[in-house]
Amino acid sequence: MSDEKNVDSADSADQPTAQTPAPKPASAQPEAKDATPVSATLSRAEAKAAKARAKVDAKLEKARAKEAQARAKAEAKEAAKAAKAEPKAVKQEDPKAEQLSESKSGAKDSKVTSPAAVPADEQAEGKRTAQEQAPTPEPVQDSSAQAEAATAKPATAGESAAGKTDAAAKPEPAAKPDHVAKAEPAKEEGATAVAGNADSAPAREAEPKTSSAQDSEAGAAAAAVAAAGKAKAGDSQSGEEAATAQAPEDPKAAKRRQKLEKVRARKAAKAAPAAASTAAHPAAEPEAEPADGKVAERRHKLDKARAAASKDAVSAPVRKKTGAVLLSLAAVVAAGAVVGAGSIFAPAPAVKSLPAAVTNLPAGDYSSVCPGTPQLLKGVEGTDAQFAPGAKDVSSNLRSIAVSDLAKRIPGSSFTKLDGSDARQLTERIAEDEAAEARGADEEGLTGRASKISTANDIDDTQVYTLQPLGQLASKGSALRSYQAKDGDLAGLAAVTCQAPASNWRFTGLQTSTGSTSVMHLANPTHTTAQVSLRLRGPDGLIDTSTLQNIVLAAGESRAIVLGGYAQDLNSISAEVTSLGGKVTASVQQAALRGLTPSGVELVGANATASNSQVIPGVWIESKENVSKLSKDDKSLVPQLHVSATGSSGAGFKVKVLGADGEVAASFDENLAVDSDATKVVNLNQLAGGYYTVVVESDAPVTAAVKMVRGADPKDSSDTAWAASSNVLAGTQAMPLSANGTGKFAIAAVAADTAVEAVVVNKDGKLEDPEKLQIKAGQSIVFDPKSVSDDAQAVIFSTDANAYLAQLVLGSDRSIAWAAMPQANAGRDGIVVNIGG
């Protein structure tokens with residue numbers, strides 16, 4: 001028994017039980033005898049490593065197998081006759097060339113059919129044919145060149161056609177068992193697979209094959225077919241051991257044989273690298289110098305690849321185990337990274353986002369600030385020395401109204417100082433848990449409303465009016481300050497609505513001309529510090545107010561700013577107040593003297609937001625006769641419209657006047673315009689005496705106000721009031737009548753007809769029957785509460801958001817005041833909520 005057979009047997013015995021095929025029938029045993037043993041069989045580790053490399057070279061192996069099969073089948077008939085005549089001679093042929101041929105031809109055949117699908121006689125026929133195809137060994141130069149050329153050049157059209165014809169006529173050999181299929185790629189690794197990797201460049205495909213190279217390639221293909229036949233037999237035993245396997249074996253002998261096979265397997269594992277290199281490239285045969293430099297270069301690369309393959313085969317088992325461990329560890333780390341990333345990084349935002357909406361919070365206490373009583377300036381730089389105290393008959397009042405819910409529960413209300421001290425309760429506060437309940441009827445099941453009118457006298461400082469919510473909704477109610485002095489430097493009538501804090505305030509029509517003074521009062525009723533900036537505009541544009549840009553107001557703090565110190569001797573000024581942080585309230589106290597004669601006092605109300613349309617309700621015009629007398633010595637004592645542009649581009653505008661019968665015919669300049677960030681004055685003395693609503697329409701945002709003058713004799717005192725542009729009243733709100741003078745309400749509809757419901761409230765809080773008021777578009781009417789009840793103290797208005805309202809107050813024949821309609825209570829501000837993104 002040769003060493004080659006011993007090595008082959010040891011390798012087969014060492015295969016795992018799951019991979020060892022069942023014993024073949026007796027008809028298959030002679031095939032094992034006829035098969036030539038492989039000189040060097042690779043170890044099981046080499047087979048596993050070679051399997052990975054074989055997958056990479058799968059496409060190249062298919063091309064080689066087709067070429068070898070085509071040549072092998074062309075000589076099949078001749079080789080079959082020779083195999084039958086001289087089987088022993090074929091058996092003694094060079095085993096190395098036979099191995100190479102078997103590996104090339106069997107690589108293709110083993111992928112087509114299984115051993116069970118091919119009859120045993122056909123398998124033997126295929127083996128004998130492959131053995132006859134193996135030529136006599138030639139020098140290594142020719143075989144190497146042939147192998148390289150075969151790798152670079154595909155089969156010709158004729159060879160491909162022949163291969164297809166033979167394949168259709170004759171069934172291909174059966175596929176190999178798994179353990180044999182794994183080992184075969186490793187057997188040809190040194191001479192075929194590695195060579196294919198090294199010499200598969202497209203540039204080498206054009207190299208021609210010599211006749212000797214073609215013969216050598218055919219021999220290699222025949223050897224590959226023979227190797228495939230041996231693999232189909234199911235084991236790697238030698239011919240002698242295969243014959244012995246036919247008879248039952250003694251148990252002791254079988255045990256000794258197994259030990260011997262294990263020893264052979266260990267020897268084969270040690271000798272595998274050298275055997276693989278020897279089988280692929282015999283060193284004993286002399287090599288001739290290559291005729292072509294490219295061939296030599298490829299052969300050099302091939303040798304290096306063979307050596308690397310041998311080294312790789314030895315280290316494959318250890319590397320495979322290490323790689324498996326590292327791969328498992330990497331998988332665990334990757335899984336942990338994914339989990340960690342999911343917990344650290346927030347998920348991607350939703351692609352679809354919903355529009356932003358204002359979400360209303362449960363209403364809190366409604367608060368508004370009532371300015372203090374007009375006072376003379378003391379110790380302030382720039383104060384006119386002609387202003388001096390001396391009033392003996394002065395009345396200052398705060399009047400409020402609180403309206404109940406449908407269950408006739410009246411909310412709690414009070415007046416406090418700006419810092420929250422000195423609280424004065426007006427109506428008793430309801431327990432919070434009860435107040436939070438929404439009720440639509442009283443305890444008797446009746447639905448109705450009630451109210452409470454409160455009038456506080458001689459409260460001169462700034463006050464905060466607070467109103468409790470009911471059923472988590474803001475209650476209806478408001479407060480108003482009125483002032484009247486019949487003598488002294490501040491003689492006149494003034495009224496102003498208590499306003500809720502805001503971040504922006506605008507005023508138009510302020511004056512600092514000779515004898516006039518304007519004082520801006522700022523108050524912070526919130527619990528947050530506010531940073532206030534003030535901008536002033538005059539007839540010539542912006543006024544330098546760089547020192548008024550960072551006024552800090554602490555919570556509960558107030559500040560008075562004399563505007564004459566920044567804008568001197570101007571008959572028309574507009575002011576803009578902006579607050580950051582806490583919201584503030586702003587009001588302007590204005591007074592004038594004509595020499596030593598009082599010329600009016602006023603608490604100027606704020607304008608509506610700057611826009612292209614400004615509506616000024618409640619404008620009262622003195623008769624033309626009286627206006628002519630007053631203005632004879634002072635041309636400024638006439639009714640005037642003051643317009644201010646709030647942008648750098650200025651504005652062009654036109655003026656409309658609405659009366660009880662609709663729009664009033666008035667001849668104003670058709671090309672009225674105001675410069676950028678400036679103010680403009682338009683006289684209204686052409687209008688007849690009466691009540692009006694003035695509308696300003698412009699091509700850019702503006703603010704507007706009307707100066708009203710009342711008096712008849714220039715030697716006597718006169719009074720001045722400012723009607724500011726207003727916002728439409730949306731919903732329901734209550735407004736007290738001025739405690740001084742007689743108040744009437746001007747109601748205007750500008751763009752469309754509107755309906756207003758007016759409910760007069762008496763001093764005892766009783767509500768009169770509602771009054772239905774219909775106002776046509778372009779009409780301005782006057783509603784007198786005294787026409788409903790002589791005891792009227794307040795009015796509750798409900799509108800459809802198309803009406804503009806204001807209260808005009810007239811006293812003696814020389815006093816006038818104006819107060820804006822307070823907006824519907826909102827309690828706490830809503831917040832903007834973005835959903836989805």
Side-chain angles (χ1 to χ4, degrees), residues 365-375 391 393-404 410-418 421-429 449-468 475-486 492-500 587 601 603 605 733-745 758-768 784-786 788-797 806-812 815-822 825:
D365 286 358
Y366 167 77
S367 298
S368 60
V369 177
C370 305
T373 300
Q375 296 178 357
D393 189 0
V394 178
S395 174
S396 180
N397 310 92
L398 284 171
R399 179 171 286 177
S400 65
I401 178 175
V403 182
S404 71
I410 297 177
S413 59
S414 63
F415 281 121
T416 61
K417 287 187 176 182
L418 195 61
S421 62
D422 294 342
R424 179 177 297 191
Q425 180 176 296
L426 304 176
T427 56
E428 185 178 357
R429 193 174 183 90
R449 289 189 184 275
S451 64
K452 174 67 176 178
I453 302 293
S454 302
T455 303
N457 302 317
D458 302 326
I459 303 178
D460 295 332
D461 53 358
T462 302
Q463 294 287 308
V464 177
Y465 175 67
T466 303
L467 188 63
Q468 181 185 22
S475 299
K476 298 173 179 62
S478 64
L480 180 143
R481 177 182 285 281
S482 62
Y483 162 87
Q484 186 174 24
K486 295 182 179 179
L493 179 66
V496 65
T497 306
C498 302
Q499 297 288 349
S587 63
V601 63
L603 294 172
Q733 181 58 293
M735 184 177 186
L737 291 172
S738 173
N740 297 286
T742 302
K744 297 180 181 182
F745 292 92
V759 178
V760 175
V761 181
N762 294 324
K763 184 176 181 180
D764 58 2
K766 180 182 178 182
L767 277 63
E768 298 290 338
D784 184 3
K786 296 292 185 179
V788 178
S789 174
D790 293 336
D791 197 22
Q793 299 283 302
V795 181
I796 303 173
F797 291 100
Q807 182 178 174
L808 181 67
V809 183
L810 299 176
S812 64
S815 60
I816 187 173
W818 184 93
M821 180 73 192
N825 298 344

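Side chains included, hydrogens not; waters and symmetry mates left out as well; all remaining heavy atoms used.
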Pair Leu426-Ser400, side-chain contact (heavy atoms from CB on, under 4.5 Å): steps then yes or no: CA-CA 9 Å; Leu426 304 176; Ser400 65; 3.4 Å; yes

Less than 4.5 Å apart, side chain to side chain, heavy atoms only: is that true for Gln807 and Leu480? yes

Could you check whether any side-chain heavy atom of Ile796 comes within less than 4.5 Å of a side-chain heavy atom of Val761, counting everything from C-beta outward? yes

Counting C-beta onward and ignoring hydrogens, is there a side-chain heavy-atom pair between Ile816 and Leu808 closer than 4.5 Å? yes

Looking at residues at least two apart in the chain, or sitting in another chain, which of them share a side-chain contact (heavy atoms from CB on, under 4.5 Å) with Pro785? Leu737, Phe745, Val760, Phe783, Ala792, Val795

Quick check against the 3.5 Å criterion: does Ser789 have a side-chain atom that pairs as donor or acceptor with the backbone of Asp791? yes

Answer yes or no: is there a side-chain heavy-atom contact under 4.5 Å between Val394 and Tyr483? yes

Taking Arg481 for its side chain and Pro371 for its backbone only, find out whether a donor-acceptor pair lies under 3.5 Å. yes

Counting only heavy atoms not in Gln425 (residues, nucleotides, ligands), do more than 12 fall under 6.0 Å from its CD? yes

Hey, is NZ on Lys786 packed in by over 12 heavy atoms from elsewhere, all under 6.0 Å? yes

Pairs of donor and acceptor atoms involving the side chains of residues 451-458, under 3.5 Å and at least two apart or interchain, shall be tabulated with distances.
residue: Ser451; atom: OG; partner: Gly765; partner atom: O; Å: 2.8
residue: Thr455; atom: OG1; partner: Arg399; partner atom: NE; Å: 3.0
residue: Asn457; atom: OD1; partner: Asn397; partner atom: ND2; Å: 2.2

In sequence, state the C-alpha distance, the side-chain angles, and the governing distance for Ser475 and Gln468, and then conclude on side-chain contact (heavy atoms from CB on, under 4.5 Å). CA-CA 7 Å; Ser475 299; Gln468 181 185 22; 5.6 Å; no

